[in-house]
Amino acid sequence: MRLYNTMTGKKEDFVPIQEGKVGIYACGVTVYDNCHIGHARSAIVFDVLRQYLKYRGFEVKFVKNFTDVDDKIINRANELGIPWNEVAKKYTEKYYEDMGRLGVEPADVEPKATEHIKEIIDIVKGLIEKGYAYEVDGNVYFEVSKFPEYGKLSKRDTKDMQAGARVEIDERKRNPLDFALWKASKPGEPSWESPWGPGRPGWHIECSAMSMKHLGETFDIHGGGADLIFPHHENELTQSEAFTGKPFVRYWMHNGFITVDKEKMSKSLGNFFTIEEILDKFDPEVVRFFLLQTHYRSPIEFSDEQLREAEASIDRYYVTLRRIEDFIKKAPDTEKSAGSEALEEMLSSFRTKFKEAMDDDLNTALAIGHIFELIREVNRFLDRRPSGQKAKTLVEETKNLLKETGSVLRLFGRTPEQWYRSLMKVKNIGLTEEEILALINERQEARKQKDWAKADSIREELDKKGIILEDKKDGTEWRVKVGG
RNA sequence: GGCGGCGUACCCAAGUGGCUAAGGGAGAGGUCUGCAAAACCUCGAUUCACCGGUUCAAAUCCGGUCGCCGCCUCCA
């Protein structure tokens, strides 16, 4: 398996520290507001990485943190007039709700900054003792000039940065690039006792403390959004390696941004869409598919149109799945071979192709492409009207492979019925299943009498409400119109 | 200014030295159907922003030009 490593700028063979085991740390969110689709992308990308490594037989320990004390949380608490820890609690719960809907599983360990104050203080103390950090008025700063490799992850030179520094000048720092490890608290702010007086952790130290505690001083993979490379991950790496004297992380992985009108989606620009509002209009699987359709490092332009196309793609899957299940249930037992070579060939190479795609830096876009090739092939096969046990076995095998690979992506896991029920909600179809079935029955009667005008008017009526009818040999099936 | 990325059909998108440039959506024609829908078939980039170069061979490597974006400040 090869993974793109931000540190080296190349795809590298993935070799874990301990054979068969992988430790992953992904930066979660600061819980001060609702999550937007960009947060969803990051969560989904690393969820898929985790699932795929498990699929590949690795024993995975996945750690994802919550930043639950921070300036933003404090500001938000003041805005809302509630205690800071309630802000954190509220948005942590919201995170679980949103991500759960998107099929993101909780990590194996989900540490919070406030639960690791002791570990944080120990590291800060250690850094002062080793001469990497200094204290001023209850604040502790990391002295960047003491760490010659500073900038190695984000590929920047401290000289260039100083030249163009627009950093707010903090008189207490020896150098504008120095960053806070510990911040003295003002009255009324959250604070913990420390050797430097009451205070709270700085911006980056929590991730060092939590990752090292749960994964060890050197671990395999560290992930997050590309905007965390600098300064967050650079600083995290610096303080961690200064503290332990060991390499911190073997593979750094960063996902690309979601853009709107080509611009990065962000809180400050106000051009963001929350997960909640998108899920009012689209099924969660659509959102997940939309995000995995593009390689994780590329930017994705957000648009309703693209989401509708993703919806149409997933519908193609469920239409085929229904056809597959129908065939398995109803096909006659009389053996009729019908040119199964192409399908058999594809079945035998499919799993390998899927793995090759995913092994190549988690190329979910290509993997999904392979899935749709198999979908086309099984449709071709079914179009030839085969029957008998051998055909059923092949189709069954196709179904299993689609489910197996889909489940790695946490896609395609429902029944067609569940899919259409969800679409009915999301699209506000003003009909119940019972009403639809009643109209179908009425139409069947008309069809028996060859009253085509009436049959067609019922079809039209349902079509207007977003329900499509499909006449089959043994009855009429309905589904929700998509893509429109 | 420094560093990095991107530009592939109408739209999205994979492909980074060599078989027919994946896949999805939209469109046109066809098969099937009472009519439809779905599915399938055919059509659709002799071409990968542009210009040079390397090579037997380039969308893929090198140089340049144009355009777009990101990071350098909290940010997934």
Side-chain angles (χ1 to χ4, degrees), chain A residues 6 9 11 26-30 32 35-46 70-72 75 151 154-157 159-161 163-168 203 223-232 234 254-259 262-269 272 289-290 293-295 297-301 303 305-306 308-317 319-320 322-323 353 357 360 363-384 447 450-453 455-456 459-460 463 468-472 476-479 481-483:
Chain A
T6 306
K11 285 186 200 172
C27 283
V29 291
T30 301
Y32 75 104
C35 289
H36 59 62
I37 180 90
H39 299 107
R41 183 179 196 188
S42 192
I44 288 172
V45 163
F46 292 103
D70 168 271
D71 288 352
K72 283 193 176 132
N75 293 340
S154 56
K155 314 275 184 292
R156 55 198 81 210
D157 197 305
K159 289 183 199 82
D160 296 338
M161 292 172 68
R166 294 182 283 124
V167 187
E168 202 180 314
W203 304 320
D227 44 6
L228 297 181
I229 296 171
F230 190 90
H232 183 61
E234 190 71 59
H254 294 95
N255 63 273
F257 302 125
I258 308 274
T259 60
K262 299 262 178 186
E263 273 186 316
K264 180 188 168 188
M265 183 182 287
S266 75
K267 282 267 153 92
S268 46
L269 285 168
F272 61 90
F289 184 94
F290 166 72
Q293 224 180 353
T294 301
H295 185 88
R297 283 189 283 118
S298 303
I300 301 182
E301 173 73 11
S303 75
E305 193 196 339
Q306 289 307 315
R308 280 195 298 272
E309 288 182 8
E311 186 179 81
S313 298
I314 295 177
D315 196 58
R316 179 166 161 76
Y317 171 82
V319 166
T320 303
R322 184 146 83 176
R323 196 177 178 201
K353 279 169 142 176
D360 184 14
N363 194 338
T364 53
L366 182 58
I368 288 172
H370 291 324
I371 287 173
F372 279 93
E373 281 171 1
L374 180 55
I375 286 173
R376 191 181 57 207
E377 203 54 59
V378 74
N379 273 316
R380 266 183 197 152
F381 178 64
L382 292 172
D383 271 4
R384 294 195 191 104
R447 292 181 73 210
K450 301 218 190 280
D451 185 351
W452 306 127
D456 288 349
R459 180 197 288 291
E460 225 172 283
D463 185 82
I468 305 265
L469 296 184
E470 290 187 30
D471 293 331
K472 307 234 168 125
T476 296
E477 279 180 339
W478 63 272
R479 64 192 166 78
K481 210 199 299 190
V482 298

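Everything numeric here is computed off the predicted structure, so don't read it as measured data. Below, chains carry the letters A, B, ... as their sequence lines are ordered, and counting in each starts from 1.
- Look at the P atom in both B/C61 and B/G5: the space between them is 11 Å, to the nearest Å.
- Within 4.0 Å of A/Gln306, counting heavy atoms only, lie sugar-phosphate atoms of the nucleic acid but no base atom.
- When heavy atoms are screened at a 4.0 angstrom cut-off, A/Gly38 is found touching base atoms of the nucleic acid.
- If you take NE2 of A/His295 and P of B/G15, they are 7 Å apart, rounded to a whole angstrom.
- Across every strand in view, B/G44 sits unpaired, with no contact that passes the Watson-Crick or G-U test at under 3.5 angstrom.
- In this pair, A/Phe272 and A/His36 present their aromatic rings tilted. The plane angle is within the 30 to 60° band.
- To the nearest angstrom, C1' of B/G15 lies 14 Å from CZ of A/Arg297.
- B/A14: no Watson-Crick or G-U partner with both key distances under 3.5 Å is found in any strand.
- Comparing B/G18 with B/A59, their C1' atoms are spaced 13 Å from each other, to the whole Å.
- The base of B/C75 lies close enough to the side chain of A/Lys264 for a donor and an acceptor atom to sit less than 3.5 Å apart.
- Between the P atoms of B/C40 and B/G63, the separation comes to 45 Å (whole Å).
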Worked check of side-chain contact (heavy atoms from CB on, under 4.5 Å) between A/Gln306 and A/Glu301: CA-CA 9 Å; A/Gln306 289 307 315; A/Glu301 173 73 11; over 6 Å; no
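- Contact between the side-chain N/O atoms of A/Arg376 and the OP1/OP2 oxygens of B/A22 is not found at any separation under 4.0 Å.
- Backbone-only engagement by A/Gly28 is indicated by non-hydrogen atom pairs under 4.0 Å involving sugar-phosphate atoms exclusively.
- With a 4.5 Å cut-off on side-chain heavy atoms, A/Leu366 and A/Asp360 do not count as touching.
- Contact of A/Asp471 with B/C35 (side chain to base): a donor-acceptor pair of N or O atoms is detected under 3.5 Å.
- The NZ-P distance, from A/Lys159 to B/C3, rounds to 14 Å in whole Å.
- Annotation for A/Arg41 and A/Gly256: closest pair NH1-O, 3.0 Å, computed over non-hydrogen atoms.
- The same atom, C1', is picked in B/A13 and in B/U54; the two are 30 Å apart, to the nearest Å.
- The side chain of A/Trp452 sits closest to B/G34 out of B/C11, B/G34, B/G24.
- Listed by chain and residue number, nothing satisfies the salt bridge (Lys or Arg N to Asp or Glu O under 4.0 Å) test with A/Asp70 (two or more places apart in sequence, or in another chain).
- Side-chain N/O atoms of A/Arg380 include one lying less than 4.0 angstrom from OP1 or OP2 on B/C41.
- What separates CD of A/Glu234 from P of B/C3 is a distance of 16 Å, to the nearest Å.
- Nucleic acid contact class of A/Ile229 (heavy atoms, under 4.0 Å, all strands): none.
- With hydrogens and angles ignored, a donor-acceptor pair under 3.5 angstrom links the side chain of A/Asp456 to the base of B/G34.
- Spacing of C1' atoms, B/C10 relative to B/A45, comes out at 12 Å, to the nearest Å.
- Pair assignment for B/A39 gives B/U31, based on Watson-Crick or G-U wobble hydrogen-bonding distances that are each under 3.5 Å.
- In a base pair of the Watson-Crick type (N1 to N3 plus N6-O4 or O6-N4) or a G-U wobble (N1-O2 and O6-N3), with each distance short of 3.5 Å, B/C61 is matched with B/G53.
- At the phosphate of B/G24, OP1 or OP2 sits under 4.0 Å from a side-chain N or O atom of A/Arg316.
- The partner of B/C71, taking Watson-Crick or G-U wobble pairs whose two distances both stay under 3.5 Å, is B/G2.
- Residues A/Lys353 and A/Glu373 meet the side-chain proximity criterion, which asks for heavy atoms closer than 4.5 Å.
- Rounded to a whole Å, the CG atom of A/Leu382 is 22 Å from the P atom of B/U31.
- Donor-acceptor pairing under 3.5 Å, judged by distance alone, is present between the side chain of A/Glu309 and the base of B/G24.
- When distances are taken from the side chain of A/Ala312 to each of B/C71, B/A14, B/G25, the shortest belongs to B/G25.
- Protein atom CD1 of A/Ile258 is 18 Å distant from nucleotide atom P of B/C6, rounded to whole Å.
- For A/Arg479 and B/A37, the CZ to P distance is 10 Å, given to the nearest whole Å.
- Judged by distance alone with a 3.5 Å cut-off, a donor-acceptor contact links the side chain of A/Arg459 to the base of B/C35.
- Contact check for A/Asp383 versus A/Arg323: side-chain heavy atoms found under the 4.5 Å cut-off.
- Using P as the reference atom, B/A14 and B/A57 are 29 Å apart when rounded to the nearest Å.
- Of the candidate nucleotides B/C75, B/C11, B/A76, B/C75 has the atom lying nearest to any side-chain atom of A/Ser266.
- Side chain of A/Ser298, nearest nucleotide from B/A36, B/A14, B/G24: B/A14.
- The same atom, P, is picked in B/A22 and in B/U47; the two are 16 Å apart, to the nearest Å.
- Between A/Arg384 and the phosphate of B/U31, there is no side-chain N or O to OP1/OP2 separation shorter than 4.0 Å.
- A gap of 29 Å separates the P atoms of B/C41 and B/A49, to the nearest Å.
- Taking SG of A/Cys27 as the start and NE2 of A/His39 as the end, the distance is 11.5 Å to the nearest 0.5 Å.
- Between A/Asn363 and B/G15 there is a side-chain N or O to OP1 or OP2 distance below 4.0 Å.
- Distance, A/Asp157 CG to B/C3 C1': 10 Å, rounded to whole Å.
- Across all strands shown, B/G7 is found opposite B/C66 as a Watson-Crick or G-U wobble partner, with both distances under 3.5 Å.
- One N or O donor and one acceptor, one from the side chain of A/Arg447 and one from the base of B/G34, sit under 3.5 Å apart.
- Set against B/C72, B/A38, B/G24, the side chain of A/Ser313 has B/G24 as its closest nucleotide.
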